[in-house]
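Working notes, structure below.
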Protein chains: 2
Amino acid sequence: MPVKARRSVCPISSALDVFGDKWSLLIIRDFFAGKTSYSEFLSSPEKISTNILSSRLRLLEEQGLVAVGEKSTRTGKPVYRLTEKGKRLHPVLDAIAAWALENIEGTEKLIAVGE
Amino acid sequence: MPVKARRSVCPISSALDVFGDKWSLLIIRDFFAGKTSYSEFLSSPEKISTNILSSRLRLLEEQGLVAVGEKSTRTGKPVYRLTEKGKRLHPVLDAIAAWALENIEGTEKLIAVGE
DNA sequence: ACTAATAACTTGCAAAATGCAAGTACCGGT
DNA sequence: ACCGGTACTTGCATTTTGCAAGTTATTAGT
């Protein structure tokens, strides 16, 4: 599947072509929180639906932000991981979280966006 | 019109409820580039359509990121401006642009995201 | 005052993305 | 062989987006 055409060469526009939707960055957030499996992503409080999760993981993989490891022979589950390119999004999530904590009432830092 | 229900109290999720789409942050980018009028936003290379621009400006206004000034008596045009809350998004745009310039081939810093 | 032009929208409708419920496939254990 | 759980896929209704074509208001020129 071809990577979708970008709208312009502007870095912000190009970045939004990659993760400019309501779900992609939440999945990335969950990666930073240590999640690696389908069911773990489904368990997040925002309740992503299975078809969206499946398609987003595929898109993120196509974009090179996520890699799917071999299914663990112990558990049989595929293991999803952030690539280096994906991990470099950490400052973006940091900036967004900082803005929201200051500017949107009722937001709370629940999960450590660690690493 | 009521502000849409947020999906969770997570700051990232809440922030995406505000600007998690393909267009909102591009409009914000244009504000930082000094644009203030409808036609200026339309002239950006990504070619937003008029109905989306109209509805996004309204949503951003409802969220308190954008304020509409009185129509200038000289030109008759409404003047759109970022509020302080909107201006505080500058670090977010900075982080996104920095990531894209490093991680997406063919992106170029075209407009000064100044202010 | 009349006309033309431009800016700022709104409307209608097709296309795509999202959301929900249900179903299928493939383990691993008993 | 059967069962339960995880990882999906499928079908379809709803919502959002995208494009083209209006509509309204103000300004610029004659």
Side-chain angles (χ1 to χ4, degrees), chain A residues 1-8 13 16-28 30-31 34-63 66-81, chain B residues 1-8 13 16-28 30-31 34-63 66-81:
Chain A
M1 214 189 286
V3 171
K4 233 163 100 190
R6 72 182 52 137
R7 290 171 288 174
S8 81
S13 160
L16 293 175
D17 288 338
V18 174
F19 56 72
D21 64 79
K22 293 200 320 199
W23 293 108
S24 297
L25 285 180
L26 287 186
I27 296 174
I28 307 278
D30 284 353
F31 272 112
K35 302 188 175 184
T36 60
S37 71
Y38 201 88
S39 55
E40 284 174 309
F41 295 117
L42 287 180
S43 73
S44 288
E46 294 84 12
K47 296 293 160 222
I48 190 171
S49 51
T50 56
N51 53 350
I52 307 286
L53 174 57
S54 174
S55 98
R56 277 297 167 284
L57 284 172
R58 205 173 306 138
L59 286 172
L60 292 172
E61 197 192 345
E62 281 168 22
Q63 303 279 1
V66 165
V68 192
E70 288 306 306
K71 303 186 182 191
S72 158
T73 45
R74 312 189 3 69
T75 65
K77 297 186 190 181
V79 174
Y80 296 93
R81 295 202 180 285
Chain B
M1 218 188 286
V3 172
K4 234 163 101 188
R6 71 183 51 138
R7 290 171 288 174
S8 80
S13 161
L16 293 175
D17 288 337
V18 173
F19 56 72
D21 64 80
K22 293 201 321 200
W23 293 108
S24 297
L25 285 180
L26 287 186
I27 296 174
I28 307 277
D30 284 353
F31 272 112
K35 302 187 175 185
T36 60
S37 71
Y38 199 87
S39 54
E40 285 174 308
F41 295 118
L42 287 180
S43 73
S44 288
E46 294 84 11
K47 298 292 161 221
I48 189 170
S49 50
T50 57
N51 53 349
I52 307 286
L53 174 58
S54 174
S55 97
R56 277 296 166 283
L57 283 173
R58 205 173 308 138
L59 285 172
L60 291 172
E61 197 193 344
E62 282 168 23
Q63 303 280 0
V66 165
V68 192
E70 287 307 305
K71 303 186 182 192
S72 156
T73 45
R74 311 189 6 68
T75 65
K77 297 185 190 183
V79 174
Y80 297 93
R81 294 204 179 285

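Per chain, numbering begins at 1; letters A, B, ... match sequence-line order.
Note on Ser37(B): only backbone sugar-phosphate atoms sit closer than 4.0 angstrom, heavy atoms only; bases stay farther off. At the heavy-atom level, Thr50(B) lies under 4.0 Å from base atoms of the strands shown.
Checking the phosphate oxygens (OP1, OP2) of dG19(C), no side-chain nitrogen or oxygen of Arg7(B) falls inside 4.0 Å. When the side-chain nitrogen and oxygen atoms of Trp23(B) are compared with OP1 and OP2 of dT16(D), none of them lie within a distance under 4.0 Å. A sub-4.0 Å separation between OP1 or OP2 of dA17(C) and a side-chain N or O of Arg56(A) is absent. Distances shown here put a side-chain N or O of Arg58(A) below 4.0 Å from the OP1 or OP2 atom of dT9(D).
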- Any chance you could lay out the side-chain hydrogen bond (donor to acceptor under 3.5 Å, both in side chains) test for Glu40(B) and Ser37(B), step after step, and finish with the verdict? CA-CA 5 Å; Glu40(B) 285 174 308; Ser37(B) 71; 3.1 Å; yes

- Task: Report the C-alpha distance between Ser54(B) and Asn51(B) in whole Å, list the side-chain angles of each, state the deciding distance to 0.1 Å, and finish with yes or no for side-chain hydrogen bond (donor to acceptor under 3.5 Å, both in side chains).
- Result: CA-CA 5 Å; Ser54(B) 174; Asn51(B) 53 349; over 6 Å; no

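For an aromatic pair to be called close, the ring centres must be under 6.0 Å apart, and Tyr38(B) with Tyr80(B) fails this.
With DNA chain C read from its 5' end, the first of the two nearest nucleotides for Asn51(B) and Tyr38(B) is the one closest to Tyr38(B). Checking Asp21(B) against Ser54(A), the closest nucleotide of DNA chain D that is more toward the 5' end is the one next to Ser54(A).
Considering only the side chain of Lys22(A), dG19(C) comes nearest among dC8(D), dG19(C), dT17(D).
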